[in-house]
Each structure stands twice: as C-alpha cells, then as structure tokens.
Amino acid sequence: MPLPNNVLQSPSGIAFRVMDYASLESSSKYRVFQHITSDTYTSSRWRNLPPPPGFSKSNASSSKAPVKGSGSTATYNELKVKRAWDAALAPVKALPMQAFMLYMSGGGVQIFSMGIVFMLLLTPFKNLAGMNESFAQFAPTNSKNPKALTTLPLQKLVFIACNLLTLGVGLWKCRSMGLLPTGSGDWLAFEKRSVAPEISLY
C-alpha cells in the first residue's frame with residue numbers, strides 16, 4: 001500500500017509523519033507543547049530544589065560580578081611585573097642552548113665557531129642598549145616615564161646581570177680558542193730584555 005507524501009517509513013518498518021514548520025506552528029499540539037515547556041521551566045518546583053554541596057549564592061554572585069576599580073588595575077600591574085621578570089630572566093633561559101652551540105662549534109678558529117662567538121658577544125650589548133625600550137611595555141599604569149632607568153629597577157638589574165653572565169661565557173669561549181691575550185707569550189713585544197751580566201776571567 002503506498003504511503004502519503006508526508007509519511008516516511010524507517011528501515012525497521014516504523015512510519016513517521018512529516019509536518020512543515022508552518023503547519024506545526026499553527027497546530028494545537030505545538031501550542032500545547034510550547035505551553036508545557038514554558039510552564040516546566042518556569043515552575044517553582046524546580047527552583048525549590050536544594051543547592052548542591054559546596055554551592056553558595058554569594059560566591060556565585062561575586063564571581064559573576066565584573067571586576068572594576070583599583071582591583072583590576074592592581075591585577076593588571078601584577079601581570080605586568082610577572083612579564084617583566086620573564087623578560088629579565090630570558091637571557092639566562094637561553095644560555096644553555098647557546099652553551100650547547102658553543103660546544104658543538106669546537107675549539108678551533110673556524111668560520112662557524114667565530115660566527116657563533118661573535119653573535120654571543122654582540123647579543124648582550126644589543127640587549128643592554130634597548131633595555132629601557134624593552135621594559136617600557138611592562139611599566140606600571142601610574143608610571144610617569146615608562147622608559148626611565150628608574151622604572152622597574154630590580155628587574156633591570158637582574159637583566160644586566162644575566163647579560164653580563166652571557167658575555168662572560170662568550171669571553172671564556174674566546175679564551176679557550178686562544179683569541180684573548182692572556183698568556184705571557186702574547187706580550188713578548190712589550191717586554192724589555194735585561195742586560196746580561198759581564199763576566200771577566202783573569
């Protein structure tokens with residue numbers, strides 16, 4: 001027996017009636033369903049259920065309230081200080097990788113090793129030259145001059161110490177390669193030869 005156009009049959013043999021949205025909206029069943037649904041959600045019996053353990057209305061309302069005023073400014077300044085410490089310790093965090101590259105470059109005077117040592121010696125000077133520019137973005141909100149040397153002084157001192165440590169590693173590598181005049185043989189041209197004592201034999 002053929003089925004009407006608005007009836008579909010599933011593989012298991014169950015027939016479903018298909019209704020368009022306009023007819024469904026105009027039907028009384030839709031209105032009853034809508035009425036029951038709205039009454040179900042607005043009924044007071046669901047609102048009178050006891051709250052789960054550990055739930056507090058005061059905590060929920062305080063967590064949903066937006067943070068305004070000095071509290072948000074203080075939190076923002078704390079985040080800036082944390083980011084400033086990360087920037088101050090960045091040279092030390094990169095030092096193990098640079099030391100590994102120095103080890104892999106070898107102890108001979110070559111193009112590759114010389115390039116790595118040159119970059120290692122140049123990086124601290126570049127960091128120190130742009131220190132105020134780098135820390136200006138982490139300055140507190142009430143700072144008058146973010147690029148001043150006195151802004152974030154502790155972080156800048158740590159940053160300077162970390163760059164000096166990197167510079168020391170580069171100088172140690174230069175000494176191990178024989179590029180620094182640390183031996184007595186490097187200064188023979190500036191040494192004066194002493195007068196030999198005269199010996200007379202009679």
Side-chain angles (χ1 to χ4, degrees), residues 62-63 65-202:
S62 62
S63 62
V67 181
K68 298 181 180 179
S70 60
S72 60
T73 305
T75 305
Y76 187 58
N77 288 334
E78 290 178 0
L79 181 61
K80 280 188 172 183
V81 170
K82 184 178 180 181
R83 295 293 301 274
W85 277 114
D86 293 340
L89 297 175
V92 173
K93 294 179 180 179
L95 194 59
M97 186 62 187
Q98 293 175 350
F100 177 74
M101 292 178 64
L102 291 177
Y103 171 75
M104 294 300 295
S105 63
V109 181
Q110 304 170 1
I111 298 272
F112 183 67
S113 59
M114 289 294 296
I116 292 179
V117 171
F118 177 75
M119 292 300 298
L120 185 62
L121 294 176
L122 184 63
T123 301
F125 293 102
K126 293 174 61 177
N127 292 339
L128 294 178
M131 179 178 61
N132 293 329
E133 295 286 342
S134 301
F135 283 91
Q137 56 183 337
F138 308 124
T141 309
N142 56 355
S143 179
K144 297 181 180 179
N145 188 7
K147 296 183 180 180
L149 188 61
T150 57
T151 304
L152 301 173
L154 189 58
Q155 287 85 351
K156 289 183 179 180
L157 287 177
V158 174
F159 185 72
I160 293 173
C162 294
N163 282 281
L164 291 179
L165 181 61
T166 304
L167 184 62
V169 172
L171 293 177
W172 171 80
K173 181 63 177 179
C174 291
R175 180 182 176 275
S176 64
M177 294 172 62
L179 299 177
L180 294 181
T182 56
S184 59
D186 299 323
W187 304 96
L188 291 178
F190 300 96
E191 292 185 358
K192 293 183 179 180
R193 183 174 299 179
S194 60
V195 181
E198 297 180 356
I199 300 176
S200 59
L201 299 176
Y202 294 99

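Given the structure is predicted, the values throughout are model-derived calculations rather than measurements.
By the side chain to side chain contact (heavy atoms under 4.5 Å, CB included) test, Ala148 pairs with Asn145, Thr150, Thr151, sequence neighbours left out. Shown here are the side chain to side chain contact (heavy atoms under 4.5 Å, CB included) partners of Ser176, two or more places apart in sequence or in another chain: Lys173.
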Listed pairs under 3.5 Å, donor-acceptor, residues 109-127 side chains, sequence neighbours left out:
{"residue": "Ser113", "atom": "OG", "partner": "Gly108", "partner atom": "O", "Å": "2.9"}
{"residue": "Ser113", "atom": "OG", "partner": "Gln110", "partner atom": "N", "Å": "3.0"}
{"residue": "Ser113", "atom": "OG", "partner": "Gln110", "partner atom": "O", "Å": "3.2"}
{"residue": "Thr123", "atom": "OG1", "partner": "Met119", "partner atom": "O", "Å": "2.7"}
{"residue": "Asn127", "atom": "ND2", "partner": "Thr123", "partner atom": "O", "Å": "3.3"}
{"residue": "Asn127", "atom": "ND2", "partner": "Asn163", "partner atom": "OD1", "Å": "3.0"}

For residues 82-99, run the donor-acceptor check on the side chains, cut-off 3.5 Å, and write out each pair with its distance to 0.1 Å, sequence neighbours left out.
none

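Applying the side-chain hydrogen bond (donor to acceptor under 3.5 Å, both in side chains) test to residues at least two apart or on different chains, the pairs with a partner in residues 128-143 are Asn77-Thr141, Asn132-Lys156, Glu133-Lys147. Pairs passing the salt bridge (charged side-chain N to carboxylate O under 4.0 Å, His left out) check and including a residue from residues 95-122, sequence neighbours excluded, do not occur. Residue pairs meeting the ring pair (Phe, Tyr, Trp, His ring centres under 6.0 Å) criterion with at least one member in residues 145-186, sequence neighbours excluded: Phe135-Phe159. The salt bridge (charged side-chain N to carboxylate O under 4.0 Å, His left out) pairs that include a residue from residues 95-114 number zero, where partners must be two or more places apart or lie in different chains. Residue pairs meeting the salt bridge (charged side-chain N to carboxylate O under 4.0 Å, His left out) criterion with at least one partner in residues 109-121, sequence neighbours excluded, do not occur; the list is empty. Applying the salt bridge (charged side-chain N to carboxylate O under 4.0 Å, His left out) test to pairs two or more places apart or on separate chains, none has a residue in residues 109-124.
Within the 4.5 Å cutoff, no side-chain heavy atoms of Leu79 are placed close to those of Thr75.
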